[in-house]
Trainee: 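Okay, handing you the structure first.
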Number of protein chains: 2
Amino acid sequence: MTVARPTKKPAAKKGAPVPAPKRSSGGLTNSVGKITINDIARLSGVSKKTVSRVINQSPLLNAETRDKVQAIIDQHGYVPDPQARGLAFRRAFLIGLVYDNPNAQYVIDMQQGILDAVRGSGFELIVHPCARTSASFLTELKMFVQRQKLFGVVLPPSVSEDVGACQALADVECPYVRIASIPLDEPQNMVVTNDYRGAYEAALHLADLGHRRVAFISGPKSFRSSHERKRGFVMGLEAKGLKLAANMVAEGAYTFESGWHAARILLARPNRPTAIFAGNDEMATGVYRAAHESGLNIPADLSVVGYDDSSIAAKVWPPLTSVRLPIRAMGRIAAEKLLARAGRGPAKAATEVEVVPSLVTRHSSGPPSA
Amino acid sequence: MTVARPTKKPAAKKGAPVPAPKRSSGGLTNSVGKITINDIARLSGVSKKTVSRVINQSPLLNAETRDKVQAIIDQHGYVPDPQARGLAFRRAFLIGLVYDNPNAQYVIDMQQGILDAVRGSGFELIVHPCARTSASFLTELKMFVQRQKLFGVVLPPSVSEDVGACQALADVECPYVRIASIPLDEPQNMVVTNDYRGAYEAALHLADLGHRRVAFISGPKSFRSSHERKRGFVMGLEAKGLKLAANMVAEGAYTFESGWHAARILLARPNRPTAIFAGNDEMATGVYRAAHESGLNIPADLSVVGYDDSSIAAKVWPPLTSVRLPIRAMGRIAAEKLLARAGRGPAKAATEVEVVPSLVTRHSSGPPSA
DNA sequence: CTGAAAGCGCTTACAG
DNA sequence: CTGAAAGCGCTTACAG
């Protein structure tokens with residue numbers, strides 16, 4: 001049977017000892033004609049089932065047998081075919097990233113983090129942007145996950161807050177990890193970002209600088225983080241004996257334009273704020289725009305603090321003070337949790353769940369001039 | 001055989017006509033117990049091979065038979081298992097995006113474009129960031145592609161310019177499409193971005209505004225686009241009777257910091273430029289920083305033009321004039337070319353290859369004050 | 001134009 | 001602790 005295959009590999013067929021294959025340059029790429037579990041079985045003189053046991057690290061396996069087979073595997077640089085394995089397992093070795101997030105840097109960082117976690121495990125990352133508001137969102141999500149038989153999916157905000165999506169995934173028995181401000185689910189399904197704390201820090205920072213009249217631009221109500229960041233900010237101010245006045249709050253949509261618009265409104269209020277905390281960096285840059293238009297100097301006339309510490313924060317002028325989230329690490333932890341389900345990866349991944357935001361002080365915040 | 005499977009689907013077993021399955025809400029998700037090619041074959045009273053012919057749109061097939069089978073397929077919302085299909089085809093239904101690009105928005109847009117192209121085709125996108133400078137780059141690339149049996153890969157700059165990477169892909173017989181400034185390969189393997197033209201436009205724009213003393217910050221020499229953008233800029237200036245002085249050129253690295261540094265050097269030259277064309281937006285924001293530090297007002301004292309029209313362009317102050325590349329469309333075209341290889345997708349995709357950059361005029365460019 | 005057999009490369013029961 | 005058989009859901013020759 002193997003005979004008929006148009007393999008480019010030399011010899012190595014017909015049982016019996018074979019000369020170690022020429023491992024040219026890299027040593028890992030023994031040309032195109034791929035070596036299979038059957039080859040390894042024959043070469044090590046065991047059944048393919050036993051090779052399979054070695055691959056899957058079955059515990060009930062003679063150490064000697066294991067080592068012998070492993071040696072052959074290493075020698076030939078054999079790697080099992082994920083497709084065939086997936087077909088037999090009825091599950092693909094693919095992690096999905098389902099996102100609905102306008103922040104490109106956030107998504108890219110998260111992708112990197114997931115890939116950090118799967119490196120060397122044979123898993124790969126498949127991306128799936130989506131529109132939560134679309135009528136076919138849930139149907140498409142189910143289709144995607146079912147069809148690809150995904151091993152699991154990572155859900156960053158705001159998909160992570162979508163109850164329907166999580167229910168849909170549960171329906172098709174697809175493991176998921178949600179990344180959100182607060183624990184919305186069992187620990188093994190969560191990475192908590194503690195937005196409350198980040199916003200709390202931002203409040204202390206502004207209060208310590210001497211600001212008394214501060215404003216807040218929230219994200220959309222549909223985002224959990226909007227509420228958490230507001231709550232943390234309010235609590236932080238209170239800890240310093242300050243209050244967030246009702247007319248010092250405006251709702252944005254986590255976009256540049258919405259931040260701009262909201263800031264215009266806040267700056268037009270009688271007794272305008274000397275500092276604005278924006279729910280994310282995108283909106284903070286919108287605040288910059290409004291300040292420029294009003295002839296306000298940052299930070300002399302107006303202090304601005306953002307959230308996310310996205311790549312834009314260091315590039316605007318003046319550089320933006322912002323709350324940093326370890327996004328890449330969050331992606332890594334989320335993927336590790338998924339792998340932990342399969343007994344791969346550290347077991348503690350199932351419980352490690354918290355991530356701590358930290359304030360990065362730059363030049364957009366300073367003492368009030370008045 | 002099918003009997004033993006713990007399917008949740010009702011009836012529909014044991015040959016013979018069956019009641020149409022309850023297509024609940026969406027109609028597409030008939031629960032977990034997946035329907036297979038065998039079910040369709042039995043239900044339509046043909047062999048599975050014939051069903052396979054319908055799936056793969058075989059031309060030599062009785063129209064009547066085809067319609068009958070297709071009806072059953074539609075009725076049950078049957079979708080072939082990509083894993084099983086891939087195993088038999090010896091090729092996965094996955095498109096890879098192999099990138100080494102620091103611009104997050106660029107990568108995200110490209111991903112979106114690729115997904116635009118594969119929508120409904122059953123293909124999915126798998127992402128693979130890489131480090132071209134890493135010693136194991138080529139080995140890892142080969143491993144990745146071979147192991148996943150990728151259907152094809154899309155290569156944006158600068159991986160697209162890597163001869164070794166293309167050779168490696170050819171070695172493992174993996175189709176690829178390169179996105180680059182100029183035709184580096186056969187048309188079916190290329191999407192050409194015509195950077196020359198975009199830079200030419202930028203030159204005309206600045207010359208028309210009345211600038212005589214203009215400067216250029218190039219990308220790294222290792223990027224083809226660096227040379228093309230410079231060449232186009234020089235030619236554009238020449239068309240207006242201007243020259244790019246040797247001391248008005250600085251080399252950057254397509255990063256914020258490098259743009260900042262290069263601009264400092266250029267602005268310190270005797271008889272400083274009244275306009276700077278940066279090789280990309282990242283570097284243009286660096287120019288902004290340098291201008292701020294020198295107390296130079298944009299555009300009154302210094303005009304700035306960028307390249308890419310990335311999302312940051314509209315958010316900095318003043319909004320940045322930049323050359324726009326239709327990145328999402330580029331991704332779509334690249335993926336279409338890959339699908340065209342399989343007879344899927346429009347045949348013209350094999351030849352359509354050019355993309356046209358366009359200048360987006362904002363407020364960072366104006367007439368020189370002096 | 002259509003089908004029965006063998007196979008893609010792996011794993012899951014089931015024996016021993 | 002190890003193996004022979006059957007199977008995952010599809011397709012490729014090979015017949016007819």
Side-chain angles (χ1 to χ4, degrees), chain A residues 1-7 32-42 44-69 73 76 78-93 122 146-149 151 342, chain B residues 1-7 32-69 73 76 78-93 122 146-149 151 342-343:
Chain A
M1 48 204 289
T2 42
V3 172
R5 207 145 31 87
T7 170
V32 171
K34 269 189 48 169
I35 184 169
T36 75
I37 195 173
N38 288 304
D39 300 319
I40 298 296
R42 193 166 20 72
S44 18
V46 300
S47 74
K48 53 200 277 200
K49 174 58 202 162
T50 295
V51 178
S52 172
R53 286 199 177 88
V54 174
I55 295 169
N56 294 295
Q57 314 191 44
S58 163
L60 19 78
L61 190 62
N62 185 339
E64 212 171 305
T65 315
R66 174 169 33 73
D67 294 347
K68 181 178 63 180
V69 175
I73 288 178
H76 293 262
Y78 166 69
V79 183
D81 181 326
Q83 227 157 28
R85 231 148 86 84
L87 183 59
F89 266 135
R90 289 156 192 73
R91 178 131 285 187
F93 294 93
Q146 234 176 159
R147 183 153 154 180
Q148 301 300 325
K149 302 209 285 291
F151 191 85
Chain B
M1 47 204 288
T2 42
V3 172
R5 208 147 27 89
T7 170
V32 171
K34 267 188 52 169
I35 183 169
T36 75
I37 196 173
N38 288 304
D39 300 319
I40 298 296
R42 193 167 20 72
L43 291 170
S44 13
V46 299
S47 74
K48 53 200 275 199
K49 175 58 203 166
T50 295
V51 178
S52 172
R53 287 199 178 88
V54 174
I55 294 169
N56 295 294
Q57 314 192 43
S58 163
L60 19 79
L61 190 62
N62 185 339
E64 212 170 302
T65 315
R66 173 168 35 71
D67 294 347
K68 181 179 62 180
V69 176
I73 288 178
H76 294 263
Y78 165 69
V79 182
D81 182 325
Q83 227 157 29
R85 232 148 86 84
L87 183 60
F89 266 135
R90 291 157 192 74
R91 178 129 286 187
F93 294 94
Q146 233 175 162
R147 184 153 153 180
Q148 300 300 325
K149 301 210 285 293
F151 190 85

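To find a chain, count down the sequence lines: A is the first, B the second, and so on, and within it residues start at 1.
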Trainee: As a test of understanding, state which of B:I40, B:V69, B:L43 forms a side chain to side chain contact (heavy atoms under 4.5 Å, CB included) with B:Y78.
Mentor: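 It is B:I40, the one option of B:I40, B:V69, B:L43 that forms the side chain to side chain contact (heavy atoms under 4.5 Å, CB included) with B:Y78.
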Trainee: So what's D:dT2 paired with, Watson-Crick or G-U wobble, going by both distances under 3.5 Å?
Mentor: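 Pairing partner: C:dA15.
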Trainee: Just the rounded figure in Å: distance from P of D:dG9 to CZ of B:F89.
Mentor: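 Nearest whole value for this atom pair: 18 Å.
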Trainee: Measure from CZ on A:R91 to C1' on D:dG9 and round the result to the nearest Å.
Mentor: 17 Å
Trainee: Is there a side-chain contact between B:R85 and B:N56 in this structure, where contact means two heavy atoms from C-beta onward sitting under 4.5 Å apart?
Mentor: yes
Trainee: Within the distance-only criterion (no hydrogens, no angle test), does the side chain of B:S44 pair as donor or acceptor with the backbone N or O of B:V46 below 3.5 angstrom?
Mentor: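 Side chain of B:S44 to backbone of B:V46, a donor-acceptor pair under 3.5 Å: no, none is there.
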Trainee: At under 4.0 Å, does any side-chain N or O of B:Y78 touch on OP1 or OP2 of D:dC10?
Mentor: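 So the side chain of B:Y78 is within the cut-off, an N or O lying under 4.0 Å from OP1 or OP2 of D:dC10.
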Trainee: Of A:K48 and A:R53, whose closest DNA chain D nucleotide lies nearer the 5' terminus?
Mentor: A:R53
Trainee: Can you check the B:F93 CZ to D:dT11 C1' distance for me, whole Å?
Mentor: 10 Å
Trainee: Respond yes when some side-chain nitrogen or oxygen of A:R85 is under 4.0 Å from OP1 or OP2 of C:dT11, and no when none is.
Mentor: yes
Trainee: Is any side-chain nitrogen or oxygen of B:T50 closer than 4.0 Å to OP1 or OP2 of C:dC1?
Mentor: no
Trainee: CZ of A:R147 versus C1' of D:dC8: gap in Å, rounded?
Mentor: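 After rounding, the gap between these two atoms is 18 Å.
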Trainee: Answer yes or no: does a side-chain N or O of A:S47 lie under 4.0 Å from OP1 or OP2 of D:dG3?
Mentor: yes
Trainee: Rounded to whole Å, how long is the line connecting atom CG of B:L60 with atom C1' of D:dA13?
Mentor: 14 Å
Trainee: Can you give me the closest heavy-atom contact between A:R147 and B:K34, atom names plus distance?
Mentor: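 Reported closest heavy-atom pair: CA-NZ, 4.2 Å.
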Trainee: Check whether the side chain of B:R90 and the base of C:dG9 form a donor-acceptor pair under 3.5 Å.
Mentor: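 Under the 3.5 Å cut-off, the side chain and the base do not form any donor-acceptor pair.
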Trainee: Is there a side-chain polar atom (N or O) of A:T65 under 4.0 Å from OP1 or OP2 of D:dT2?
Mentor: yes
Trainee: Starting at NZ of A:K49 and ending at P of D:dA6, how long is that distance when rounded to a whole Å?
Mentor: 17 Å
Trainee: Starting at NZ of A:K149 and ending at C1' of D:dC10, how long is that distance when rounded to a whole Å?
Mentor: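 Rounded to the whole Å, the gap is 10 Å.
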Trainee: Closer to the 5' end of DNA chain C via nearest nucleotide, is it A:I37 or B:V46?
Mentor: B:V46
Trainee: How long is the line joining CG of A:N38 and C1' of D:dA5, in whole Å?
Mentor: 14 Å
Trainee: At 4.0 Å (heavy atoms only), tell me whether A:L61 reaches a base, stays on the sugar-phosphate, or touches nothing.
Mentor: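 If one applies the 4.0 Å heavy-atom cut-off, A:L61 turns out to touch the sugar-phosphate alone, with no base involved.
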Trainee: What I'd like to find out is whether the side chain of A:I37 reaches to under 4.5 Å of the side chain of A:I55, using heavy atoms alone.
Mentor: yes
